There are 4 protein chains.
Amino acid sequence: MSPKRYPKKEKCNEIAAAALHLFAEKGYAATSVEQIADAAGIGKSTVYEYFPSKEEIFVHAVNNWIMDLIHRMVEQTRSIENPVQRLNIFIRTVKEVLKVQEPDPKKLFAEIDQQTLMEGGAFYKRRHIIRDMRTRFCDLVADILLDGVSKRVFRPEIARDVSKIAINLLAYLDGIGMHYLIMEEYQEFEDQVDFYIKGFVEAILI
Amino acid sequence: MSPKRYPKKEKCNEIAAAALHLFAEKGYAATSVEQIADAAGIGKSTVYEYFPSKEEIFVHAVNNWIMDLIHRMVEQTRSIENPVQRLNIFIRTVKEVLKVQEPDPKKLFAEIDQQTLMEGGAFYKRRHIIRDMRTRFCDLVADILLDGVSKRVFRPEIARDVSKIAINLLAYLDGIGMHYLIMEEYQEFEDQVDFYIKGFVEAILI
Amino acid sequence: MSPKRYPKKEKCNEIAAAALHLFAEKGYAATSVEQIADAAGIGKSTVYEYFPSKEEIFVHAVNNWIMDLIHRMVEQTRSIENPVQRLNIFIRTVKEVLKVQEPDPKKLFAEIDQQTLMEGGAFYKRRHIIRDMRTRFCDLVADILLDGVSKRVFRPEIARDVSKIAINLLAYLDGIGMHYLIMEEYQEFEDQVDFYIKGFVEAILI
Amino acid sequence: MSPKRYPKKEKCNEIAAAALHLFAEKGYAATSVEQIADAAGIGKSTVYEYFPSKEEIFVHAVNNWIMDLIHRMVEQTRSIENPVQRLNIFIRTVKEVLKVQEPDPKKLFAEIDQQTLMEGGAFYKRRHIIRDMRTRFCDLVADILLDGVSKRVFRPEIARDVSKIAINLLAYLDGIGMHYLIMEEYQEFEDQVDFYIKGFVEAILI
DNA sequence: TATGAATGAGCTTTCATTCAT
DNA sequence: GATGAATGAAAGCTCATTCAT
């Protein structure tokens with residue numbers, strides 16, 4: 001609303017975006033505010049005109065990034081009628097997201113988890129943000145599954161365990177992303193996921 | 001050979017063990033060498049008699065811990081004849097390992113992943129150690145599966161994809177551990193894993 | 001002359017007044033120009049339209065405050081005929097001044113002393129301002145005493161030492177203000193001063 | 001007791017002593033830890049081996065200094081039989097203490113008062129230390145006065161108000177010290193005090 | 001072997017001040 | 001006349017590492 005506020009918000013996002021790349025590359029601890037300032041093309045102390053602390057930069061940057069991610073996931077899968085296709089589109093979107101190189105989302109997830117877990121981490125006292133995000137991802141998957149059940153495409157008995165199934169699917173995707181990040185055989189990653197999903201779909205199809 | 005070498009190795013392990021707990025609790029970056037020395041009951045500079053750097057302590061500690069872990073996994077599952085039971089024992093051992101409180105293995109895995117991924121991390125130039133470990137876990141699972149195939153308990157067609165299946169199973173276990181670490185509903189963790197494994201076994205049983 | 005000049009002066013005083021409260025509350029060093037600007041309801045850089053530096057704000061603010069103080073002291077005591085009563089009115093005015101809560105004059109005096117004494121303090125190179133003020137207070141007391149002598153109410157021999165006596169009285173008032181500021185038994189403050197003054201008056205009365 | 005502790009304590013005192021001079025000269029805020037380190041002939045970070053913060057250096061330094069001051073005052077006046085002489089010795093010691101150039105005690109008192117008064121000052125949450133000190137000085141004076149009363153040298157009626165009298169005497173000494181620090185006519189300082197004390201003694205002598 | 005002591009390099013953060021608009 | 005934006009300089013503090021003993 002206020003005409004003054006927008007440029008400030010805009011710049012906040014610019015700084016946060018620059019920071020996100022560094023955090024993904026080197027991690028939170030190893031990224032200095034000076035590096036963030038350099039990457040954003042401003043002076044070190046200027047950063048503090050927009051954020052009260054390094055921690056806040058991280059939280060803001062991650063928040064922006066995750067919100068955008070969730071938004072895209074929802075958008076991509078929203079209007080598709082066929083549940084199997086919808087599930088496939090969801091998986092394709094996940095794979096696409098994980099394929100991005102800059103900033104590498106797998107590294108970011110690792111960093112976020114770290115900062116959520118460790119005492120004194122940037123998200124340690126804000127787990128709720130991370131939990132919310134995970135919950136929303138689960139809800140998205142659960143929604144697709146229940147939609148499939150109601151359209152008599154997926155087996156009716158999965159309705160009862162839909163939340164467990166969604167969590168397990170996301171846990172797998174988390175884990176396999178991490179695995180290939182460390183193993184670095186990126187080319188096999190998609191095959192591997194496809195193989196998993198094939199079994200997954202088979203198991204829930206009527 | 002040298003009679004002095006043995007006590008040196010012993011003490012290395014003592015220090016590494018003390019360090020491991022701190023690394024798991026607070027993370028690598030937030031653990032200072034002084035804290036490690038205190039925990040090991042020695043002077044700060046004495047630590048440098050046994051390790052050339054903080055990084056080396058981490059690598060050594062993690063190495064010890066993982067080697068022990070793998071050894072235990074192999075031991076537990078080695079001599080069991082029934083493939084289904086063997087798989088269940090494997091899963092039970094994994095769950096038991098993940099249940100340990102001190103040092104929390106889930107946090108350690110997160111920290112290890114972090115240090116493997118991030119530029120300048122302690123394992124960044126030693127990914128091979130972490131990869132080896134993952135490979136050995138995969139081999140263990142693959143071994144169980146192939147054993148089941150050859151005993152005509154598991155479907156023969158899984159033999160072709162045994163490596164993919166093993167990787168996927170471990171990825172899931174990784175991911176679900178992380179999930180519950182962040183969501184903190186520990187009590188549901190075992191249920192969730194059991195639910196997954198039930199579907200998994202059903203899918204591979206003849 | 002210039003019609004613009006007057007509003008400028010007005011605003012200077014407004015800013016200085018706002019600053020004075022902050023200086024009294026938190027001290028010179030701990031008060032930032034931003035806080036002063038906020039308190040004055042203007043932008044930070046606008047402050048620099050009216051003052052060339054933070055130091056100048058302090059000097060101006062203190063100057064205004066002290067000038068007003070002296071003026072009031074003189075006004076209150078000017079027209080009283082009876083020397084004893086005049087002295088009492090003077091003391092009563094001092095006590096009243098020291099009782100003010102916002103801005104606390106004792107804290108201000110402490111801050112002024114500090115800034116006068118310490119190398120690089122705001123008044124370090126302008127001691128003359130503070131000295132002038134002290135001199136004028138002394139002169140006021142001396143005037144009261146000499147008036148009493150000439151009216152044959154105070155002992156004639158004090159005339160010779162009138163300046164010493166005045167300085168000592170003011171030194172005492174300074175010191176006792178500070179004492180009670182630190183000891184925080186404000187309620188006893190007036191009793192203590194009255195006790196002192198009683199002795200003082202007895203000693204100089206014929 | 002512990003043989004390790006003593007050298008540490010010794011060095012603490014050395015650093016504190018070096019710091020005291022700087023604090024007296026430039027004030028607490030304007031003295032940087034680096035300057036303290038330089039003055040003590042050690043590296044900046046070495047200071048933090050001995051003190052956890054700059055504030056603690058100040059508190060320690062002031063504490064040492066004040067304890068020594070009180071000790072000397074007590075020593076000087078302890079064994080004197082004649083109450084008038086004892087009072088004079090007390091005053092002489094005060095004057096001597098205030099005459100010291102390095103570190104200037106008057107400046108230090110000003111700085112201590114400042115740090116006691118201002119929110120967030122080094123002594124703000126430790127007023128009790130400063131109050132204790134003031135109380136001990138008062139007790140010393142009160143002791144001298146009561147001794148004089150019991151020896152029938154000082155008027156018996158002062159016994160009732162001994163505490164008030166002591167406070168007033170010290171307030172005066174505080175104030176006059178400050179006065180001459182600002183006015184810088186040091187040479188007149190002693191005359192002025194002597195003049196005051198002469199009147200003071202006359203008033204209490206039988 | 002063991003360590004107390006020392007430190008340099010680097011971090012996050014603050015703030016008085018400048019300047020284009 | 002007023003200010004939002006930017007910043008250089010400096011502060012307090014941490015910590016892995018070195019070294020003499």
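What's counted below: heavy atoms across the whole structure, side chains too, no hydrogens, waters or symmetry copies. Lettering of chains follows the sequences in order, A, B, ..., and the numbering in each one begins at 1. Please read these numbers as outputs of a predicted model, since none were measured by experiment.
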Rounded to whole angstrom units, what separation is found between the CD1 atom of D:Ile57 and the P atom of F:dA11? 14 Å
Any D:Ile15 side-chain heavy atom under 4.5 Å of D:Lys11 side chain: yes
Does the side chain of D:Val33 come within less than 4.5 Å of D:Tyr48's, by heavy atoms? yes
Could you list by number each residue of residues 118-127 of chain B showing a heavy-atom separation from DNA chain F of less than 4.0 Å, or answer none if no residue does? none
Between A:Lys54 and A:Ala29 the two heavy atoms that sit nearest each other are NZ-O, 3.6 Å
Please find the pair of heavy atoms, one from C:Ala16 and one from C:Asn64, that lie closest to each other, and give the distance. CB-ND2, 4.4 Å
Taking salt bridge (Lys or Arg N to Asp or Glu O under 4.0 Å) as the definition, give me every residue that meets it alongside C:Lys106, ordered by chain and number, with sequence neighbours left out. C:Asp104
F:dG1 P sits how many Å from C:Lys9 NZ, rounded? 17 Å
side-chain contact (heavy atoms from CB on, under 4.5 Å) involving A:Ala18 - partner list, sequence neighbours excluded: A:Ala39, A:Ala40
Any side-chain N or O of B:Thr46 less than 4.0 Å from the OP1 or OP2 oxygen of E:dT3? yes
For atom CD1 of A:Ile15 and atom C1' of F:dT7, their distance in whole Å: 13 Å
Could you pull out every donor-acceptor pair under 3.5 Å between side chains of residues 108-122 of chain B and any protein atom, sequence neighbours left out?
{"from": "B:Glu111", "atom 1": "OE1", "to": "A:Gln114", "atom 2": "NE2", "distance (Å)": "2.4"}
{"from": "B:Glu111", "atom 1": "OE1", "to": "B:Tyr28", "atom 2": "N", "distance (Å)": "3.3"}
{"from": "B:Glu111", "atom 1": "OE2", "to": "A:Gln114", "atom 2": "NE2", "distance (Å)": "3.1"}
{"from": "B:Glu111", "atom 1": "OE2", "to": "B:Tyr28", "atom 2": "N", "distance (Å)": "3.4"}
{"from": "B:Glu111", "atom 1": "OE2", "to": "B:Gln115", "atom 2": "NE2", "distance (Å)": "3.1"}
{"from": "B:Gln114", "atom 1": "NE2", "to": "A:Glu111", "atom 2": "OE1", "distance (Å)": "2.4"}
{"from": "B:Gln114", "atom 1": "NE2", "to": "A:Glu111", "atom 2": "OE2", "distance (Å)": "3.1"}
{"from": "B:Gln115", "atom 1": "OE1", "to": "B:Ala122", "atom 2": "N", "distance (Å)": "2.8"}
{"from": "B:Thr116", "atom 1": "OG1", "to": "B:Ile112", "atom 2": "O", "distance (Å)": "2.6"}

Under the ring-ring contact (aromatic ring centres under 6.0 Å, His included) rule, collect the residues that match up with C:His60, sequence neighbours excluded. C:Phe51
Suppose we screen for salt bridge (Lys or Arg N to Asp or Glu O under 4.0 Å). Which residues come up paired with A:Glu25, at least two apart in sequence or across chains? none
Provide a list of protein-nucleic acid N or O atom pairs under 3.5 angstrom, restricted to nucleotides 18-21 of chain E.
none

Can you name the ring-ring contact (aromatic ring centres under 6.0 Å, His included) partners of D:Phe123, sequence neighbours left out? D:Phe58
Is A:Lys11 close enough to F:dG4 that one of its side-chain N or O atoms is under 4.0 Å from OP1 or OP2 there? no
When rounded to whole Å, the CZ to C1' distance for the pair B:Phe58 and F:dA16 reads 16 Å
At their closest point, which heavy atom of D:Gln35 faces which heavy atom of D:Leu22, and how far apart are they? O-CD1, 3.5 Å
D:Glu10 atom CD is separated from E:dG4 atom P, nearest whole Å, by 19 Å
Drop me the distance from D:Met133's CE to D:His128's NE2, to the nearest 0.5 angstrom. 13.0 Å
Partners meeting side-chain hydrogen bond (donor to acceptor under 3.5 Å, both in side chains) with A:Glu34 (sequence neighbours left out): none
For B:Lys54 and F:dT17, give me the distance from atom NZ to atom C1', rounded to whole Å. 12 Å
Between atom CG in C:Asp38 and atom C1' in E:dC15, what is the gap in whole Å? 14 Å
Expected list for residues 20-34 of chain A near DNA chain E, using heavy atoms below 4.0 Å, is A:Thr31, A:Ser32, A:Val33
With sequence neighbours left out, write down each residue that passes side-chain hydrogen bond (donor to acceptor under 3.5 Å, both in side chains) with D:Glu56, or none if nothing qualifies. D:Arg126
Note, DNA chain E 5' to 3' with Watson-Crick or G-U pairs under 3.5 Å encoded as ( ), [ ], | and . gives .||||||||||||||||||||
Taken to the nearest whole Å, CD1/B:Ile42 to P/E:dG4 is 11 Å
Kindly say if C:Tyr50 contacts the phosphate of F:dG1, meaning a side-chain N or O under 4.0 Å from OP1 or OP2. no
